[in-house]
Amino acid sequence: MTSGRSFYITTPIYYPSDVPHIGHGYTTVAVDTLARWHRQAGDDTWMLTGTDEHGQKMMRAASANGATPQEWVDKLVSQEWFPLLKTLDVANDDFIRTTQPRHEERVKQFVQAIYDRGYIYAGEFEALYCVGCEEFKTESEIVDGEGPFEGLKVCAIHSKPLELLQEKNYFFKLSEFQEKLLELYSSVPDFIRPESARNEVVSFVKQGLKDLSISRSTFDWGITVPWDESHVIYVWVDALLNYATAVGYGGDPAEFERRWPAYHVVGKDILRFHAVIWPAMLMAAGVDVPRGVFAHGWLLVGGEKMSKSKLTGIAPTEITDVFGSDAYRFYFLSAIAFGQDGSFSWEDLSARYQAELANGFGNLASRTTAMIDRYFEGIVPPPGEYTDVDLGIQKTVRDAAAAADAAIERFRIDEAITSIWTIVDALNLYITENEPWALAKDETQRERLSTVLYTAAEGLRALAVLLSPVTPIATEKLWVALGAADTLGRLHDQPIREAGSWGILPAGSTVSALAPLFPRVEQTV
């Protein structure tokens with residue numbers, strides 16, 4: 001089934017100068033969950049991720065490791081970034097690398113187009129530059145160094161000294177787009193989310209925009225400027241264009257028309273690139289601006305932003321090797337309000353795993369399937385007459401499904417999971433209060449027992465569908481154990497916006513043994 005609605009969503013393309021940490025994984029599984037939900041809703045969905053491989057920082061890292069830039073990025077991407085997707089069970093549709101010919105040629109076409117339209121000029125430039133950010137810094141982004149860097153100006157993000165660069169560059173007339181951008185933010189209030197991010201960008205643009213240097217001439221690791229091969233295109237211009245080049249800009253007009261515009265999910269530290277520079281570039285080229293930009297918060301460890309340079313970086317496998325990928329996905333997407341900063345701790349992860357996944361959802365699934373096996377020889381029984389209590393469960397499922405879908409539309413994955421979890425809590429209470437083990441001892445209560453266990457099984461069917469974008473491995477196991485794969489087809493084909501309808505799981509479905517969905521973890525790292 002297809003709704004006909006295009007839903008194209010992207011992660012940032014990651015700078016692979018180092019190995020990925022759980023902050024990269026957080027962004028990626030959030031976008032993957034949104035994409036999975038929309039696919040199951042029947043939307044024409046496309047998820048893009050990838051790597052940003054040009055720039056001075058990459059060139060220096062390659063040199064320090066005795067490799068060419070291309071050799072270095074090939075090694076990093078193949079050994080670290082591709083495996084991340086498998087580790088976290090990410091179902092992306094495409095992975096773009098900015099060193100791919102499909103990207104490089106289309107970037108040149110785009111830059112040539114805005115040059116031909118009069119939005120690029122030659123000039124001289126002098127400013128403090130952060131190699132780590134690959135960005136010239138404004139006064140508000142520069143702080144005084146401390147310790148070994150005392151007396152120097154350092155980057156507020158990396159805490160490393162800035163370099164004073166003076167070059168003859170090409171400039172993009174960003175200043176001409178101030179009013180057009182403010183009009184965009186006003187006419188499309190949810191173009192930037194959450195509201196705190198929108199307010200920050202609006203305030204920044206109102207202060208006035210300066211033209212942007214879009215080329216470098218002091219090194220050659222980049223895409224050459226098409227009319228002047230002594231310059232390479234500024235790495236951020238190159239990187240931003242991936243969102244368009246990956247879906248056909250400059251090469252496949254039909255595909256581009258089908259997919260574009262996109263939703264971008266980014267960390268708040270790169271919000272201005274995506275919400276200011278990127279739409280201005282698109283306006284200059286006569287291309288539609290993105291549908292929206294969502295800026296999530298930082299993952300904090302010990303009160304500091306996740307960073308390899310500050311030794312707060314944690315590899316995703318440190319978590320998945322102990323708890324599994326589903327737990328990783330569930331924890332980060334439910335424990336942190338999407339759009340705000342969130343703190344990570346092993347103690348909180350372990351506590352939520354035990355309470356919500358193992359004892360809550362996992363135990364519900366295990367005891368329901370076990371009781372159907374014990375009392376009805378593994379066959380889902382037909383329900384009898386529903387009581388008010390049973391109808392209350394049906395309403396909970398219906399309301400939770402609708403609320404979760406509405407939350408996903410707002411990009412609030414955490415609120416969606418909270419809504420879905422009301423079903424877990426309601427079903428656990430329902431089983432406790434209706435005591436099917438006691439009903440089984442009284443033959444006159446056979447019909448009531450059937451109704452209670454069908455209600456629990458059908459509630460689990462809804463949970464499997466609604467949670468499959470978040471925890472794809474566990475829900476697939478549950479789907480098979482309920483016999484739904486045989487009677488209803490593949491889990492990822494189930495229309496998620498119909499998950500709240502009641503009576504979809506056929507009575508007579510054969511239940512199979514279910515190993516614990518979330519095995520108990522006695523000791524954390």
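Keep in mind that what you see is a predicted model, and the values were worked out from it rather than measured.
Judged as a side chain to side chain donor-acceptor pair (under 3.5 Å), the pairs with a partner in residues 80-95 (not counting sequence neighbours) are, in order, Arg39-Asp93, Asp89-Ser325, Asp94-Arg102.
Taking OG1 of Thr471 as the reference point, atom CG of Leu517 lies at 8.5 Å (rounded to 0.5 Å). Note: Leu449 CG to Thr444 OG1 = 11.0 Å, rounded to the nearest 0.5 Å. Atom CD of Glu257 sits about 10.0 Å away from atom CG of Asp288, to the nearest 0.5 Å. The CG atom of Leu240 lies 7.0 Å from the CD1 atom of Ile277; values are rounded to the nearest 0.5 Å. How far NZ of Lys268 is from CD of Gln340: 9.5 Å, rounded to the nearest 0.5 Å. Put simply, OG on Ser468 and CZ on Arg490 are 12.5 Å apart, with the number rounded to the nearest 0.5 Å.
Taking the six-membered ring where the residue is Trp, the centroids of Phe338 and Phe294 are separated by under 6.0 Å. Ring-centre distance between Phe82 and Phe95: below the 6.0 Å cut-off. Aromatic ring centres of Tyr249 and Phe110 lie closer together than 6.0 Å. In this structure, the ring of Tyr263 has its center less than 6.0 angstrom from the ring center of Phe7. Ring to ring, Phe344 and Phe332 are close: their centroids are under 6.0 angstrom apart. Checked against the 6.0 Å centroid threshold, Trp421 and Phe330 count as a close aromatic pair. Taking the six-membered ring for Trp, Phe411 and His296 have ring centres at least 6.0 Å apart.
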Problem set entry | Test salt bridge (Lys or Arg N to Asp or Glu O under 4.0 Å) applied to Arg259 and Asp44, step by step | CA-CA 8 Å; Arg259 300 292 178 199; Asp44 185 14; 3.0 Å; yes
For this session: I would like to know whether Arg497 and Asp43 meet salt bridge (Lys or Arg N to Asp or Glu O under 4.0 Å); could you show each step before the answer?
Result: CA-CA 11 Å; Arg497 293 190 180 116; Asp43 297 335; 3.3 Å; yes
For this session: Assess whether salt bridge (Lys or Arg N to Asp or Glu O under 4.0 Å) is satisfied between Asp32 and Arg329, documenting all intermediate values.
Result: CA-CA 10 Å; Asp32 180 53; Arg329 296 168 66 101; 2.8 Å; yes
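Counting only heavy atoms from C-beta outward, the side chains of Arg412 and Arg193 never approach each other to under 4.5 Å. Between Pro12 and Thr27, some side-chain heavy-atom pair lies under the 4.5 Å cut-off. A heavy-atom distance below 4.5 Å is found between the side chains of Tyr14 and Thr28. No side-chain heavy atom of Tyr331 sits less than 4.5 Å from a side-chain heavy atom of Ile336. Here the side chains of Leu427 and Leu463 are in contact, with some heavy-atom distance below 4.5 Å. Proximity of Leu184 to Pro279: side-chain heavy atoms (C-beta onward) are separated by under 4.5 Å at one or more points. Side-chain contact between Thr320 and Thr317 is present, with at least one heavy-atom pair separated by less than 4.5 Å. Using a 4.5 Å cut-off on side-chain heavy atoms (C-beta onward), Val73 and Thr51 make no contact.
In summary, the side chains of Asp425 and Thr422 do not present any donor paired with an acceptor at a separation below 3.5 Å, with no hydrogens or angles considered. For the residue pair Asp74/Gln70, the side-chain donor-acceptor check at 3.5 Å is satisfied. Between the side chains of Asp238 and His103, at least one donor N or O sits under 3.5 Å from an acceptor N or O. For the 3.5 Å distance criterion, the side chains of Trp37 and Asp405 qualify, holding a donor opposite an acceptor. A donor-acceptor contact under 3.5 angstrom links the side chains of His264 and Thr10, judged on distance only. Looking only at atom types and distance, the side chain of Thr98 has no donor-acceptor partner in the side chain of Glu53 under 3.5 Å away.
Each of Tyr328, Phe323, Phe361 was scored for a ring-ring contact (aromatic ring centres under 6.0 Å, His included) with Tyr353, with one residue passing: Phe323. Here the rule is ring-ring contact (aromatic ring centres under 6.0 Å, His included) with Phe273, and of Tyr243, Trp236, Trp278 only Trp236 fits it.
At most 12 heavy atoms of other shown residues, nucleotides or ligands fall within 6.0 angstrom of atom CD in Glu195. Counting heavy-atom neighbours within 6.0 Å of Glu409 CD, excluding the residue itself, gives a total above 12.
Taking the centre and axis of the six-membered ring of Phe376, the NZ or CZ atom of Arg446 falls inside the cone set by 45° and 6.0 Å.
Of all heavy-atom pairs spanning Ser509 and Pro506, the tightest one is OG-O, 2.8 Å.
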